Amino acid sequence: MGKTTNALEEIFHLAHSGQDYDTPLAVLREYHQNVATELRQESGGQIGTDDAEASQLETLLTQLSAQLTTLTPADYDRQYDQIVSYGELLATSIVAQALGAHWLDCRPLIRTDHTWREGRLDWPTTEYNIRDEVPRLLLTGPVVTQGFLGGTASGATTTLGREGSDYTAAIFAYCLHAESVTIWKDVAGLLNADPKIFADTVRYPEISYQETIEMAYYGASVIHPKTIKPLAVQHIPLYVKSFVDPMAEGTRIGDCRHAALAPAFIRKTNQCLISFESKDLTFISEENLEVIFGALAQVRLKINLMQNSAISFSVCTDFSAYRLDKLLDRLRDQFTIHYNTELELYTIKNYDPASIQRLTTGRELLLEQRTRLTFQFVSRGGLNEFIK
């Protein structure tokens, strides 16, 4: 609810670094308690019992406080998952009570490995767990569960990646052989651009799984990149609809063919451009690339764009000061490394000359690249106005 994940990230950072976090934790606690109280009052006390709701909510808040006292300087990513997961647990506890629905903890069902912050699914175990547990619950009424979360065999909490709730919906749909999945957003459907950034957006009435996967991969914010594959495997359509106008058509994503699509404009902010140069002016060889790729994988910096020249190799990644420092520690003895931060990565899917001109005019391009259907460039940030 609200910006709870961001608030929990701030609280986690303070606790992990030994700083005082009492005030933001108190704000988080009060916010959720107030929402629960308001929902009870609006229902006239007809939804559930005050004691039952307060008990579950207070139990979760107490567990969160206790977890924060156990943090150590090590195991940053593991501890991150244990703390940030409470946003989903708190919200679904309140919403399930408001709806009179069954509250289901998804962590024992969605089995992952120990890849913290991006848990990799054990699909056979997950499918068995969900098919064993959920159908009988659905016979008694609606079920509310969490997105974004999973759990290891030992009971530790994992997360599936930021904005991963859509992926969770696809996991449940796959395991239950669902008829369809609907994602509710504040926009009219799947658009060719973010209407907060780009003027004159176009809604796609229908679009294929393949096109959607590519748009999500490049950073389209409406769909999580991993959502589409499990749905496509079982030919389950995905509907993107607006909670502002629930009766509107929205977008259907599925097995379909369509004519050429309007160019899609995608922006990723908070980017970092890192360039590696051989110190003795030798060519960037496959051996050099193996070392660089290995280090990027170890520190878990994902490549959004890459390009090489004779003696230099450049990558654009999401910026993380923590991960960048770890990368520099691993590679500075072997390479001369330069980097720029506070950059933006733009992608135009199904580009044409007019769409390229629209985005690049008047901009300083630090790196650009094009394929048959996709044009990308990295530029300095700071764009606040509409792109017309």
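As the structure is a prediction and not an experimental result, all values here were calculated from the model.
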Residues clustered with Leu327, ILVMFWY side-chain links under 4.5 angstrom: Ile274, Phe276, Ile284, Leu289, Val291, Ile292, Phe293, Leu296, Val299, Leu301, Ile303, Met306, Phe313, Val315, Phe319, Leu324, Leu328, Leu331, Phe335, Ile337, Tyr339
Are the side chain of [X] and the backbone N or O of [Y] linked by a donor-acceptor pair below 3.5 Å?
| X | Y | result |
| --- | --- | --- |
| Thr159 | Phe148 | no |
| Thr251 | Pro205 | no |
| Asp352 | Ser355 | yes |
| Tyr239 | Trp184 | no |
| Ser85 | Asp81 | yes |
| Asn129 | Leu109 | yes |
| Lys279 | Arg332 | yes |
| Ser242 | Asp245 | yes |
| Thr125 | Asp122 | no |
| Gln210 | Ser208 | no |

To the nearest 0.5 Å, tell me how far [X] [atom1] sits from [Y] [atom2].
| X | Y | atom1 | atom2 | value |
| --- | --- | --- | --- | --- |
| Leu191 | Asp200 | CG | CG | 12.0 Å |
| Lys268 | Thr317 | NZ | OG1 | 10.0 Å |
| Leu89 | Leu57 | CG | CG | 11.0 Å |
| Ile183 | Asp166 | CD1 | CG | 3.5 Å |
| Leu345 | Leu273 | CG | CG | 10.0 Å |
| Thr374 | Tyr217 | OG1 | OH | 10.5 Å |

Establish, from distance only, whether the side-chain atoms of [X] and [Y] form a donor-acceptor pair under 3.5 Å.
| X | Y | value |
| --- | --- | --- |
| Asn270 | Glu342 | no |
| Glu277 | Ser312 | no |
| Gln376 | Arg370 | no |
| Trp103 | Thr92 | yes |
| Glu58 | Gln33 | yes |
| Thr158 | Thr112 | yes |
| Ser285 | Asn288 | yes |
| Tyr80 | Glu9 | yes |
| Glu88 | Tyr86 | no |

Within-4.5 Å side-chain heavy-atom neighbours: [X] and [Y]:
| X | Y | result |
| --- | --- | --- |
| Glu211 | Leu261 | yes |
| Gln67 | Gln79 | no |
| Tyr31 | Val35 | yes |
| Leu359 | Arg363 | no |
| Leu25 | Ser65 | yes |
| Val378 | Gln271 | no |
| Arg380 | Asn340 | yes |

From Leu149, Thr5, Thr157, Asn6, residue fulfilling side-chain contact (heavy atoms from CB on, under 4.5 Å) relative to Val84: Thr5
Could you tell me which non-hydrogen atom of [X] sits nearest to which non-hydrogen atom of [Y], and how far apart they are?
| X | Y | value |
| --- | --- | --- |
| Phe12 | Ile83 | CD1-CG1, 3.9 Å |
| Val187 | Pro195 | CG1-CG, 3.9 Å |
| Leu365 | Glu368 | CD2-OE2, 3.7 Å |
| Gly250 | Arg203 | O-NH1, 2.6 Å |
| Asn192 | Pro263 | ND2-O, 3.0 Å |
| Arg78 | Gln82 | O-NE2, 2.9 Å |

With Trp116 via ring-ring contact (aromatic ring centres under 6.0 Å, His included) - residues at least two apart: His114
Tell me, with the steps shown, if Glu364 and Ser379 meet side chain to side chain donor-acceptor pair (under 3.5 Å). CA-CA 6 Å; Glu364 178 189 3; Ser379 69; over 6 Å; no
Carboxylate-amine/guanidinium contact [X] [Y], below 4.0 Å:
| X | Y | value |
| --- | --- | --- |
| Lys302 | Asp318 | no |
| Glu249 | Lys241 | no |
| Asp77 | Arg323 | yes |

Say whether [X] and [Y] are linked into one hydrophobic cluster, either directly or through other cluster members, by side-chain heavy-atom distances under 4.5 angstrom.
| X | Y | value |
| --- | --- | --- |
| Leu160 | Leu104 | yes |
| Val233 | Ile228 | no |
| Tyr209 | Met215 | yes |
| Ile266 | Ile213 | yes |
| Leu343 | Ile348 | no |

Determine whether more than 12 heavy atoms belonging to other residues, nucleotides or ligands lie under 6.0 Å from atom [atom1] of [X].
| X | atom1 | value |
| --- | --- | --- |
| Lys3 | NZ | no |
| Arg120 | CZ | no |
| His102 | NE2 | yes |
| Gln19 | CD | yes |
| Phe243 | CZ | yes |

Does Tyr322 have its ring centroid less than 6.0 Å away from the ring centroid of Tyr76? yes
Which label fits Phe198 and Tyr346: parallel for a plane angle under 30°, tilted from 30 to 60°, or perpendicular past 60°? perpendicular
Show the numbers, then the answer: is there a side chain to side chain donor-acceptor pair (under 3.5 Å) between His177 and Gln234? CA-CA 7 Å; His177 302 288; Gln234 293 201 4; 2.8 Å; yes
Derivation and outcome, side chain to side chain contact (heavy atoms under 4.5 Å, CB included), residues Ile94 and Met1: CA-CA 10 Å; Ile94 294 171; Met1 296 189 293; 3.7 Å; yes
